[in-house]
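Quick notes on the structure that follows.
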Amino acid sequence: MTLRTGTMRLACMFSSILLFGAAGLLLFISLQDPTELTPQQVPGVKFNIRLQQPHNDFPPGSSQDGDFKAPTERDTRDLSSRAPRGLNLPVPDRALAHLNRGARLRPRQRRRRLLIKKMPAAAATAANSSAGTFVRPASRALDSRWVSLHQRQQERKRVMREACAKYRSSSSRKAITPRHVSRIFVEDRHRVLYCEVPKAGCSNWKRVLMVLAGLASSTADIHHDTVHYGSALKRLDTFDRQGILHRLSTYTKMLFVREPFERLVSAFRDKFEHPNSYYHPVFGKAILARYRANASREALRTGSGVRFSEFVQYLLDVHRPVGMDIHWDHVSRLCSPCLIDYDFVGKFESMEDDANFFLSLIHAPPNLTFPQFKDRHSQEARTTARITHQYFAQLSAPQRQHAYDFYGMDYLMFNYSKPFADLY
């Protein structure tokens with residue numbers, strides 16, 4: 001009887017040890033990080049582990065396939081106004097980790113409008129649109145360059161908005177009409193709107209848009225007449241009101257500007273110092289008849305030989321004999337930047353950096369860069385600040401001041417310095 005009782009006690013103790021051992025093993029397994037466990041590490045136990053997905057190098061609210069989450073109220077306060085859908089600005093890893101903490105991506109919300117982050121460490125990198133992945137900078141120097149370009153954009157848009165708020169306060173209340181968008185060209189494939197500013201790289205920008213649209217394989221293959229007189233690119237005012245408003249609210253809107261005096265001299269050299277079958281008979285004749293005393297019959301017949309001082313007289317005359325032309329009209333009139341909130345403002349003076357930065361933001365093909373060739377009069381030197389000063393030196397101080405006042409809004413909006421010391 002005693003032997004049987006002892007045997008039963010030993011059996012109970014052994015069973016308890018087994019039970020406690022199994023429970024301990026299960027507790028040990030449950031406390032481990034499932035991403036660090038594999039079936040090979042614990043033989044005989046089956047796992048159904050869902051590994052944590054790695055973070056992609058994408059901005060908060062976006063994913064590799066273009067899905068976006070709706071921005072929170074806190075996010076919205078930090079974003080710039082009305083940036084385009086799909087304008088993705090990857091950020092450095094540390095900033096990305098902070099911004100993505102707790103963020104959850106919602107599937108099937110493709111092409112949701114993603115606003116540009118206003119953060120000190122924001123940076124953008126080149127992208128391959130076909131692969132849908134970003135190519136991160138290869139070095140710290142390159143990374144800081146993208147940061148600088150992004151910050152430059154934020155500053156330009158800030159200056160533009162402040163100038164509009166100060167001097168054009170009523171513009172925001174106006175309704176957008178087809179006239180306001182008549183200079184804007186549309187590229188639907190990459191969802192781009194480009195406002196054409198003549199003498200600020202517009203010919204080459206149209207070539208880029210045609211390549212983006214799949215109408216040509218290279219910018220070098222597109223002739224000047226095809227760019228300006230063809231119908232390959234659509235203007236925004238050719239769409240109905242719904243089509244106009246839809247594109248304005250969802251596409252990436254950009255314009256490129258140039259120092260106003262330099263742009264004016266470039267236009268004069270192009271249109272009046274070279275044979276031209278339109279500007280000489282239309283503008284030249286009228287300018288010579290009104291502003292040149294004792295003009296010769298030949299000059300009045302052809303309209304050739306207009307001097308820069310005579311051209312400026314025409315420009316500043318409130319009763320000018322012929323109308324304004326897009327090649328020397330104000331950017332504020334051509335593109336209505338106080339009414340249309342542009343997402344990207346580039347400058348002719350920093351064209352290469354700005355243009356290629358913009359192309360990376362819209363996921364343009366990686367082999368597409370902004371062309372450097374001169375479209376017209378290729379043997380002639382480009383109009384520079386030095387050449388511009390030579391032309392304006394032909395004018396009196398009051399004429400220079402009136403010309404500066406004429407382009408005053410463009411100087412303010414795009415933060416260009418006064419080109420002459422005697423200007424006020």
Side-chain angles (χ1 to χ4, degrees), residues 156 159-160 162-164 166-168 197-202 255-274 276 279-280 282-295 299 303-335 337-338 345 347-351 377 380-424:
R156 287 176 183 172
V159 170
M160 187 172 67
E162 289 181 356
C164 288
K166 186 174 183 180
Y167 298 101
R168 299 285 175 88
V197 176
K199 314 312 297 180
C202 68
L255 78 160
F256 271 72
V257 298
R258 188 176 185 177
E259 203 280 336
F261 277 12
E262 188 175 310
R263 176 172 167 253
L264 181 66
V265 171
S266 177
F268 173 78
R269 295 175 71 198
D270 180 24
K271 305 306 179 187
F272 294 100
E273 292 187 349
H274 299 276
N276 193 292
Y279 285 91
H280 289 190
V282 174
F283 287 88
K285 285 183 179 181
I287 291 173
L288 292 172
R290 188 175 183 97
Y291 306 109
R292 181 179 294 183
N294 303 318
S304 301
V306 173
R307 303 186 187 106
F308 184 66
S309 59
E310 296 166 337
F311 172 65
V312 172
Q313 279 184 282
Y314 142 77
L315 183 71
L316 301 178
D317 190 347
V318 294
H319 303 294
R320 62 179 70 94
V322 281
M324 185 58 66
D325 183 81
I326 62 171
H327 290 84
W328 46 82
D329 203 353
H330 314 79
V331 176
S332 53
R333 276 171 44 105
L334 291 171
C335 298
C338 291
V345 180
K347 289 192 174 182
F348 185 85
E349 294 77 14
S350 53
M351 177 65 78
H377 317 304
E380 186 177 78
R382 290 183 184 274
T383 301
T384 61
R386 181 183 61 82
I387 292 175
T388 299
H389 273 250
Q390 291 174 355
Y391 277 79
F392 272 86
Q394 303 170 24
L395 306 180
S396 65
Q399 281 182 311
R400 286 197 297 270
Q401 183 63 53
H402 290 321
Y404 177 77
D405 294 340
F406 183 80
Y407 289 109
M409 193 62 184
D410 284 358
Y411 272 100
L412 286 172
M413 291 181 66
F414 306 113
N415 202 24
Y416 282 109
S417 303
K418 293 179 181 179
F420 288 89
D422 60 353
L423 297 174
Y424 57 84

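Positions are given from 1, in the same order as the sequence printed here. Predicted model, so just to flag it, every value in this text is computed and none were measured.
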- Message: Is it the case that atom CZ in R320 sees more than 12 heavy atoms from other parts of the structure closer than 6.0 Å?
- Response: yes

Can you give each donor-acceptor pair under 3.5 Å made by side-chain atoms of residues 285-292, sequence neighbours left out, with the distance rounded to 0.1 Å?
| unit_1 | atom_1 | unit_2 | atom_2 | d |
| --- | --- | --- | --- | --- |
| K285 | NZ | R301 | O | 3.2 |
| R290 | NE | D317 | OD2 | 3.1 |
| Y291 | OH | D317 | OD2 | 2.7 |
| R292 | NE | E310 | OE2 | 2.9 |
| R292 | NH2 | G305 | O | 2.8 |
| R292 | NH2 | E310 | OE1 | 3.1 |

Exercise answer: donor-acceptor pairs, residues 415-424 side-chain atoms, under 3.5 Å, sequence neighbours excluded:
| unit_1 | atom_1 | unit_2 | atom_2 | d |
| --- | --- | --- | --- | --- |
| Y416 | OH | E259 | N | 3.4 |
| Y416 | OH | E349 | OE1 | 2.8 |
| D422 | OD2 | R400 | NH2 | 3.1 |

- Task: Could you please spell out the steps behind the side chain to side chain contact (heavy atoms under 4.5 Å, CB included) verdict for E380 and H274?
- Result: CA-CA 11 Å; E380 186 177 78; H274 299 276; 3.1 Å; yes

- Mind checking whether F272 and F268 have ring centres under 6.0 Å apart? yes

- Straight-line distance of D270 CG to N276 CG, nearest 0.5 Å: 7.5 Å

- Item | Note, R269 side chain near I387 side chain (heavy atom, < 4.5 Å) | yes

- Looking only at atom types and distance, does a side-chain atom of D329 sit under 3.5 Å from a main-chain N or O of M324, one as donor and one as acceptor? no

- Message: Please find the pair of heavy atoms, one from H280 and one from S304, that lie closest to each other, and give the distance.
- Response: ND1-OG, 3.2 Å

- Item | Approximate separation, where rounding is to 0.5 Å, of W328 CH2 and S266 OG | 11.5 Å

- Rounded to the nearest 0.5 angstrom, the SG-CG distance for C164 and L412 is 10.5 Å

- Item | Heavy-atom side-chain contact between E262 and K199 under 4.5 Å | no

- Item | Note, L395 side chain near F308 side chain (heavy atom, < 4.5 Å) | yes

- Would you indicate whether the side-chain heavy atoms of M413 and V345 approach each other to under 4.5 Å? no

- Relative to each other, are the rings of Y279 and F283 parallel, tilted or perpendicular (30° and 60° limits)? parallel

- Kindly indicate whether the side chain of Y314, heavy atoms from C-beta on, has any atom under 4.5 Å from the side chain of V306. no

- Considering non-hydrogen atoms only, spot the tightest contact between A267 and H327 and give its length. CB-O, 3.6 Å

- Query: Run the side chain to side chain contact (heavy atoms under 4.5 Å, CB included) check on R263 and V197 step by step: do they pass?
  - Reply: CA-CA 10 Å; R263 176 172 167 253; V197 176; 3.6 Å; yes

- Message: Please evaluate residues M409 and H330 with respect to the criterion side chain to side chain contact (heavy atoms under 4.5 Å, CB included), reporting the C-alpha separation (whole Å), side-chain torsions for both, the decisive distance (0.1 Å), and the verdict.
- Response: CA-CA 8 Å; M409 193 62 184; H330 314 79; 6.0 Å; no

- S350: what forms a side chain to side chain contact (heavy atoms under 4.5 Å, CB included) with it, not counting sequence neighbours? R152, R156, K347, D354

- Message: Could you walk me through whether I326 and L334 satisfy the side chain to side chain contact (heavy atoms under 4.5 Å, CB included) test, starting with their C-alpha distance in whole Å, then the side-chain angles of each, then the deciding distance to 0.1 Å, before giving a yes or no?
- Response: CA-CA 7 Å; I326 62 171; L334 291 171; 3.9 Å; yes

- Distance-minimising heavy-atom pair for R258 and T383: NH2-O, 3.0 Å

- Do F414 and F256 have ring centres separated by under 6.0 Å? no

- Minimal heavy-atom distance between F392 and A403, with the atoms involved, is CE2-CB, 4.1 Å

- When rounded to the nearest 0.5 Å, the distance separating CG of L315 from CZ of F406 is 4.0 Å

